[in-house]
> 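Encoded as structure tokens, here's the structure I'll be asking about.
Whatever order the structure lists ligands and atoms in, that order sets their numbers, starting from 1.
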Amino acid sequence: MDGQHDGPRREEIPAAISAQTEEFARRLATADPSRLAEAALATVGSLHALIAALRPTGEEFRIAIDFITEVGHYADSRRQEWVLLADVLGVSSLIEDQNSARPRGATPNTVAGPFYRADVPETALGASISRDGKGEPLAVTGRVAGLDGQPLAGAIVEVWQANAEGLYENQEPDLQPEFNLRGRFRTDPQGRFHFLSVKPKGYMLPADGPVGRLMAMLGISLERPAHIHFRITANGFETLTTHVFDRSDPAIGRDAIFGVKPELMAEFRALPLNGGRRRHALDLNLVLCPERQGESAHAGRK
Ligand code: BEZ
Ligand code: FE
């Protein structure tokens with residue numbers, strides 16, 4: 001454990017709100033100070049305060065236990081209902097914001113989410129990442145720069161997105177080609193990149209489990225506005241993992257996972273029809289900040 005997280009000192013323990021809180025703190029006081037003890041004290045103190053405020057009945061307590069039991073039953077190697085719960089409660093994005101706070105002028109970081117793949121082959125600038133040609137064409141151009149405006153040549157630009165139906169390639173491996181709507185590019189000497197794609201559609205998080213049911217009871221939307229994910233890696237800079245959202249999407253103000261920030265809203269510009277076909281263009285500036293000494297280049301959940 002590092003010096004920052006040595007656990008609570010006796011004088012820091014907050015005033016007990018119940019005999020149980022006081023006794024729990026007393027039991028912990030004999031343990032070696034540690035980050036775990038600090039977290040246990042804060043968590044149990046907050047839980048006791050919540051119980052004192054809400055005064056749940058025995059039946060309500062049973063319902064809460066049933067809910068968390070069911071969340072556990074929905075979590076396995078293919079589906080992670082606990083992560084979904086953290087996402088829709090704003091916990092994942094709050095932790096990401098705390099761990100990846102960026103200075104003014106730098107592009108904000110966001111969670112990568114469950115659909116990222118690291119094994120996408122690199123392709124030449126200008127290539128299309130739509131491997132089935134389905135959807136309305138979208139031309140993406142962008143520049144990668146440091147906080148000082150210096151272009152970053154040779155930066156790796158990874159991109160992944162849902163298709164025009166709101167589905168990622170790894171959600172329907174039998175219907176979409178391998179690596180559909182995923183790309184890996186390298187910026188040119190001026191820090192620029194460009195590729196072709198199709199306009200993504202927004203989508204809903206899974207509604208068929210206990211988290212979806214809870215959100216329905218609370219009247220909270222599971223929608224995610226249309227977006228494209230990017231991960232930019234450059235030597236000497238903090239890796240940027242982010243989304244760029246379609247600002248005209250009706251769900252832009254109610255992203256289920258709290259990922260939308262003003263700097264991440266972009267215009268998917270409609271271009272003149274081409275042979276009756278709709279086309280769009282997206283132009284981006286992505287700004288990275290220099291790696292801080294002694295910090296890992298890769299913060300946040302993968
Ligand atoms: C996504 O955008 O791919 C995503 C991120 C977090 C949770 C669910 C989906
Ligand atoms: Fe996504």
> With distance as the sole criterion, is a donor-acceptor pair present between the side chains of N109 and E96 under 3.5 Å?
yes
> May I have the step-by-step check of side-chain hydrogen bond (donor to acceptor under 3.5 Å, both in side chains) for E263 and T107, ending in yes or no?
CA-CA 7 Å; E263 306 92 316; T107 305; over 6 Å; no
> Look at the N, O or S atoms of Q161, main chain and side chain alike, and state whether any lies under 2.8 Å from the Fe ion (ligand 2).
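So Q161 does not count as coordinating the Fe ion (ligand 2).
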> Rounding to 10°, state the angle centred on the Fe ion (ligand 2) that links OH in Y203 with NE2 in H229.
160°
> Which of the atoms in ligand 1, numbered in the order shown and given with their element, are less than 4.0 Å from a heavy-atom of H229?
1 (C), 2 (O), 3 (O)
> Considering non-hydrogen atoms only, spot the tightest contact between P200 and A162 and give its length.
CB-O, 3.4 Å
> What atoms of ligand 1 come within less than 4.0 Å of a heavy atom belonging to H243?
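Those atoms are 2 (O).
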> So, R182 and D119, do they make that salt bridge, N to O below 4.0 Å?
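So R182 does not pair with D119 through a salt bridge.
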> I need the atoms of ligand 1 closer than 4.0 Å to a non-hydrogen atom of H227, numbered in the order shown.
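Result: 2 (O).
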> Ring centres of H227 and Y203 under 6.0 Å apart?
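So the answer is yes for these two rings.
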> Hey, which atoms in ligand 1 end up nearer than 4.0 Å to a heavy atom of F115?
3 (O)
> Once you restrict to heavy atoms under 4.0 Å, what part of V83 touches ligand 1? Side chain, backbone, both or neither.
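Looking at V83 and ligand 1, no heavy atom falls under 4.0 Å.
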> Above 12 or not: heavy atoms from other molecules or residues under 6.0 Å from CZ of R62?
yes
> Can you sort out which atoms of ligand 1 are near Y203, meaning under 4.0 Å from one of its heavy atoms?
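Going through ligand 1 atom by atom, the ones under 4.0 Å from Y203 are 1 (C), 2 (O), 3 (O), 4 (C), 9 (C).
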> If the contact criterion is a heavy-atom separation under 4.0 Å, does Y168 count as touching ligand 1?
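It does, in that a heavy atom of Y168 comes within the 4.0 Å cut-off of ligand 1.
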> Please identify which atoms of ligand 1 are closer than 4.0 Å to at least one heavy atom of R224.
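In order of numbering, the contacting atoms are 1 (C), 2 (O), 4 (C), 5 (C).
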> Between Y168 and W160, is the ring centroid distance below 6.0 Å?
no
> To the nearest 10 degrees, calculate the angle at the Fe ion (ligand 2) involving OH of Y168 and NE2 of H227.
100°
> When clusters are formed by joining ILVMFWY residues with side-chain heavy atoms under 4.5 Å apart, either directly or through shared neighbours, do I68 and V88 land in the same one?
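Linked, I68 and V88 end up in one cluster.
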> With a heavy-atom distance limit of 4.0 Å, tell me whether F258 approaches ligand 1 through its side chain, its backbone, both, or neither.
neither
> Quickly, which of T110, D97, D87 forms a side chain to side chain contact (heavy atoms under 4.5 Å, CB included) with S92? Name it, please.
D87
> Give the atoms of ligand 1, by number and element, whose distance to some non-hydrogen atom of P114 is under 4.0 Å.
4 (C), 5 (C), 6 (C), 7 (C), 8 (C), 9 (C)
